[in-house]
Colleague: 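Before I ask anything, let me first share the structure, which is written out below as structure tokens.
Please read all numbers here as calculations on a predicted model, not as lab measurements. A note on names: the letters A, B, ... follow the listed sequences, proteins ahead of strands, and every chain is numbered from 1.
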4 protein chains.
Amino acid sequence: MASVKTRLIFRAAVDVFSERGFEKATMDEIAAKARVAKGTIYYHFKSKEELFVFLVEQGTELLHENVLSHLTEEMDAQEKIREIIRAQLAFFTAYRDFCIIILRETWGDEARHREFRRMLVHYVHSIRQVIEQGIEEQVFSVENAEIAAWSLFGSTSITALHHLFADKTVDLVALAPAMQEIALGGLHAKEIT
Amino acid sequence: MASVKTRLIFRAAVDVFSERGFEKATMDEIAAKARVAKGTIYYHFKSKEELFVFLVEQGTELLHENVLSHLTEEMDAQEKIREIIRAQLAFFTAYRDFCIIILRETWGDEARHREFRRMLVHYVHSIRQVIEQGIEEQVFSVENAEIAAWSLFGSTSITALHHLFADKTVDLVALAPAMQEIALGGLHAKEIT
Amino acid sequence: MASVKTRLIFRAAVDVFSERGFEKATMDEIAAKARVAKGTIYYHFKSKEELFVFLVEQGTELLHENVLSHLTEEMDAQEKIREIIRAQLAFFTAYRDFCIIILRETWGDEARHREFRRMLVHYVHSIRQVIEQGIEEQVFSVENAEIAAWSLFGSTSITALHHLFADKTVDLVALAPAMQEIALGGLHAKEIT
Amino acid sequence: MASVKTRLIFRAAVDVFSERGFEKATMDEIAAKARVAKGTIYYHFKSKEELFVFLVEQGTELLHENVLSHLTEEMDAQEKIREIIRAQLAFFTAYRDFCIIILRETWGDEARHREFRRMLVHYVHSIRQVIEQGIEEQVFSVENAEIAAWSLFGSTSITALHHLFADKTVDLVALAPAMQEIALGGLHAKEIT
DNA sequence: AATGAATGAGATTTCATTCAT
DNA sequence: GATGAATGAAATCTCATTCAT
């Protein structure tokens with residue numbers, strides 16, 4: 001990732017893949033947008049697939065970091081859930097393209113799809129741990145923590161996607177209070193603040 | 001849709017599109033699976049795109065019917081929400097392929113994507129009306145009905161998709177109680193039964 | 001040619017072939033324009049090629065008739081040339097489509113092209129006979145009657161085509177005096193009247 | 001046009017297009033004749049149409065140059081007309097294929113046809129200017145210079161085409177004296193030499 | 001490290017023709 | 001006599017990948 005060219009290619013790839021989807025994106029367009037020769041991409045990445053996987057790996061990692069890095073030990077489970085939702089919406093606003101890529105290229109049977117699901121499962125697992133903490137602390141009384149975690153992720157991301165496509169310039173963070181209220185209700189948080 | 005061949009093509013198309021996605025699906029494979037000549041598909045459908053749009057239209061309509069047809073006037077808002085979740089999970093179990101297609105091919109900027117979003121918006125609007133009814137009847141106290149509707153759809157469908165890919169033979173209806181509990185909590189239903 | 005359907009097909013074919021050319025014309029469009037089923041065309045004509053050849057045969061025959069039928073025994077060679085030019089321009093105005101077809105589909109190496117050239121050669125031969133008559137009668141002093149005949153046909157038809165495409169509603173007969181003057185000059189007619 | 005492959009493609013295209021016509025010519029045949037891969041043609045030319053238009057442009061330009069470059073200031077109008085006819089016949093002999101292409105693909109309503117007519121009109125306009133010069137110099141007494149120019153072009157090219165197809169190895173320049181005599185007669189040149 | 005011309009497999013689409021009714 | 005659903009060969013065009021420079 002150190003090379004200047006690599007970074008140029010990376011940025012261009014995010015752009016093109018999110019706009020076109022994996023299949024419709026062409027190496028030609030990526031090369032043109034990155035202002036490098038097509039051969040250069042193949043010098044740095046073995047194939048279109050590898051470039052794409054690399055890109056989604058980075059994106060998922062970034063999501064993980066962005067969302068979970070704001071959680072501190074002092075926060076209680078409720079605060080953490082609030083923060084997860086806020087941070088995820090902020091991430092989706094900042095990295096609209098990743099958001100689209102991740103949700104669109106996750107549901108299929110090719111190697112790449114499975115790889116992406118693995119990363120997603122990992123992320124949702126972190127949410128689940130927060131929920132389980134809340135159940136232990138008896139602030140949440142939801143029964144099935146796994147389903148609760150997927151519900152949280154699903155509602156946040158689909159709502160975000162819908163708004164991103166309905167209005168390209170929307171600031172999703174403004175939706176945070178409404179989504180937090182719904183999510184915490186869904187977890188049967190003991191005191192709604 | 002009356003013709004025998006048309007039905008064969010339709011079924012094969014659902015299969016192939018859901019397995020491969022729109023771009024990777026080929027007319028050759030659809031023709032082979034339907035056991036008709038490639039030209040026959042083009043005799044009945046103007047293009048790959050048209051075939052696909054027709055197919056999604058039918059699917060969305062079916063979803064709409066399946067889910068909303070079980071709602072009766074006697075039901076209160078809570079019962080309706082419960083039923084929507086149950087019916088949607090049943091639909092996703094029965095028509096796994098449509099579920100995948102609808103969620104995967106909705107997020108993009110091509111004409112087809114916009115068309116699909118329009119259909120989805122229509123469906124979510126129906127959910128929203130039930131939520132608004134509940135607010136009026138003062139059984140729900142959620143603030144933003146639109147976001148609540150999208151959350152409900154998002155959590156149900158992403159959770160369903162995850163389980164469909166994690167375990168091909170899962171009966172999603174078994175997840176209904178857990179999802180209903182979470183959803184009604186999110187709507188701040190007055191009495192949880 | 002007696003059948004009603006045959007006539008419908010014939011008319012539609014002239015339309016479509018002249019608008020699209022032989023290759024781009026489709027049996028579907030001809031059938032649609034004739035308001036008969038595609039199979040019906042094949043009931044009356046063995047193939048697209050046969051339909052086309054039939055059509056050009058008719059057209060060339062019509063050209064032959066239209067142009068030569070006005071020539072009478074009393075006319076001298078000069079009057080005949082004048083009449084040929086006038087009649088040919090009138091024909092091109094009335095049957096614009098044939099004019100285009102004949103000139104476009106004559107120059108090639110397929111069986112059909114050779115067939116058309118044969119018909120054209122036949123037509124030009126008739127013009128040549130008039131010129132030879134004039135030479136015998138010593139009103140024309142041109143050396144090479146064959147070249148003179150092709151020149152006459154070439155100048156008239158290309159000029160006509162150009163004007164037909166430059167202005168769809170042009171009445172070519174208005175060009176007759178100018179073209180007659182040039183043609184008779186080219187034949188070195190003894191007295192220009 | 002510099003690249004070796006481009007030249008190979010160009011030559012092959014002229015061959016195939018003139019033998020088959022635009023519609024019947026296939027990229028496969030052109031590629032085979034040029035001994036390059038089909039993709040290579042598309043690397044250099046955006047489409048079959050673009051390749052064809054490029055080719056006709058070059059051809060028309062060449063015709064223009066070949067014919068008009070021999071005209072010098074010292075020549076009087078009669079000499080110029082003689083030279084135009086001779087040069088055009090020489091060009092048609094040397095570039096038989098262009099001759100066929102230009103005349104066959106000019107009469108139609110598609111963008112490409114209109115483009116070709118535009119080029120032809122430009123060429124005929126040059127002939128017309130020579131005729132007008134002759135009228136001014138009072139060596140020609142023809143009334144309508146435009147029609148005279150089209151007649152000259154039409155008679156020369158159709159006569160040439162006929163002879164090219166009647167006898168593949170004909171040297172059209174041998175026809176020059178006969179055609180010049182006719183043409184100058186048509187223009188009512190004052191002294192026939 | 002970087003380039004970009006060249007490739008060829010494979011995709012969508014068209015359409016003359018056939019044939020059972 | 002007439003129909004139109006069905007066919008499949010063949011056409012244009014795309015694009016990931018390679019490789020000589």
Side-chain angles (χ1 to χ4, degrees), chain A residues 3-6 8-9 22-32 34-52, chain B residues 2-6 8-9 23-31 34-51, chain C residues 3-6 8-9 22-32 34-52, chain D residues 2-6 8-9 23-31 34-51:
Chain A
S3 148
V4 180
K5 300 269 176 185
T6 311
L8 286 171
I9 293 166
F22 178 74
E23 300 294 348
K24 274 220 129 186
T26 70
M27 297 303 259
D28 270 299
E29 193 178 352
I30 295 171
R35 290 168 180 278
V36 298
K38 214 186 335 181
T40 309
I41 303 183
Y42 282 90
Y43 184 79
H44 292 280
F45 300 90
K46 224 172 57 206
S47 66
K48 186 185 178 184
E49 178 106 12
E50 207 200 73
L51 169 58
F52 187 54
Chain B
S3 149
V4 180
K5 301 269 176 183
T6 311
L8 285 171
I9 293 166
E23 301 294 346
K24 269 227 136 182
T26 72
M27 297 303 259
D28 270 301
E29 192 178 352
I30 295 171
R35 290 168 180 280
V36 299
K38 223 187 322 183
T40 308
I41 304 183
Y42 283 91
Y43 185 76
H44 292 281
F45 299 91
K46 234 174 41 214
S47 65
K48 184 185 178 184
E49 177 109 12
E50 206 201 74
L51 169 58
Chain C
S3 150
V4 180
K5 301 268 175 184
T6 311
L8 285 171
I9 293 166
F22 178 74
E23 301 294 346
K24 275 220 128 187
T26 71
M27 297 302 259
D28 271 298
E29 191 178 353
I30 294 170
R35 291 168 179 279
V36 299
K38 216 188 332 181
T40 309
I41 302 182
Y42 282 89
Y43 185 79
H44 292 281
F45 299 90
K46 225 173 55 207
S47 65
K48 184 185 179 184
E49 177 107 13
E50 207 201 72
L51 170 57
F52 187 55
Chain D
S3 147
V4 180
K5 301 270 175 182
T6 310
L8 286 171
I9 293 166
E23 301 294 346
K24 269 227 138 183
T26 71
M27 297 305 258
D28 270 302
E29 192 178 351
I30 295 172
R35 290 167 181 279
V36 298
K38 220 187 323 182
T40 308
I41 303 182
Y42 283 93
Y43 184 76
H44 292 281
F45 299 92
K46 234 175 39 216
S47 65
K48 185 185 179 184
E49 176 108 13
E50 205 201 74
L51 169 58

Colleague: Can you tell which of dT12(E), dT12(F), dT17(F) lies closest to the side chain of Thr26(D)?
Modeller: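 Of all the options, the side chain of Thr26(D) is nearest to dT12(F).
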Colleague: Specify the separation, in whole Å, of atom CZ of Phe45(D) and atom C1' of dT12(F).
Modeller: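 The answer, rounded to whole Å, is 16 Å.
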Colleague: Side chain to side chain contact (heavy atoms under 4.5 Å, CB included) with Glu49(C): which residues, sequence neighbours excluded?
Modeller: Phe22(C), Ser47(C), Val53(C), Arg112(C)
Colleague: Quick one: Glu29(D) CD to dT12(F) C1', roughly how many Å, whole number?
Modeller: 15 Å
Colleague: By the 4.0 Å heavy-atom rule, please label Ala25(D) as base, sugar-phosphate, or nothing.
Modeller: sugar-phosphate
Colleague: Show me, pair by pair, the donor-acceptor contacts under 3.5 angstrom made by side chains of residues 36-43 of chain C, not counting sequence neighbours?
Modeller:
residue	atom	partner	partner atom	Å
Lys38(C)	NZ	Asp28(C)	OD2	3.2
Thr40(C)	OG1	Ala37(C)	O	3.3

Colleague: State whether Tyr42(B) places a side-chain N or O below 4.0 Å from either non-bridging phosphate oxygen (OP1 or OP2) of dT14(E).
Modeller: no
Colleague: Which distance, rounded to the nearest 0.5 Å, do you find between the NZ of Lys5(B) and the NE2 of His44(B)?
Modeller: 8.0 Å
Colleague: Quick one, Lys48(A) and Leu51(A) - any side-chain contact, counting heavy atoms below 4.5 Å?
Modeller: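 SC-SC contact between Lys48(A) and Leu51(A) ruled out.
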Colleague: Which whole-number value in Å describes the distance from Ile9(A) CD1 to dA1(E) P?
Modeller: 12 Å
Colleague: Runs of at least three consecutive Watson-Crick or G-U pairs, both distances under 3.5 Å, are what I'm after; which ones involve DNA chain F?
Modeller: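 Detected stem regions: E:2-21 with F:2-21.
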Colleague: For Glu23(C) and dT12(F), what is the distance between atoms CD and C1' respectively, to the nearest whole Å?
Modeller: 15 Å
Colleague: Please state how far atom CE in Met27(D) lies from atom P in dC13(F), giving the value in whole angstrom units.
Modeller: 6 Å
Colleague: Rounding to a whole Å, what distance do you find between Asp28(C):CG and dT3(F):P?
Modeller: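 Asp28(C) atom CG is separated from dT3(F) atom P by 14 Å.
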Colleague: In whole Å, what is the span from the NZ atom of Lys48(D) to the P atom of dA10(F)?
Modeller: 15 Å
Colleague: Measure the distance from CD1 on Ile30(A) to C1' on dG4(E) and round it to the nearest whole Å.
Modeller: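 For the pair Ile30(A) CD1 and dG4(E) C1', the rounded distance is 17 Å.
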Colleague: Between the protein and nucleotides 6-9 of chain F, are there any N/O to N/O pairs under 3.5 Å, and if so, what are the atom names and distances?
Modeller:
residue	atom	partner	partner atom	Å
dA6(F)	OP2	His44(B)	NE2	2.3
dT7(F)	OP2	Ala37(B)	N	3.2
dT7(F)	OP2	Thr40(B)	OG1	2.2
dG8(F)	N7	Gly39(B)	N	3.4

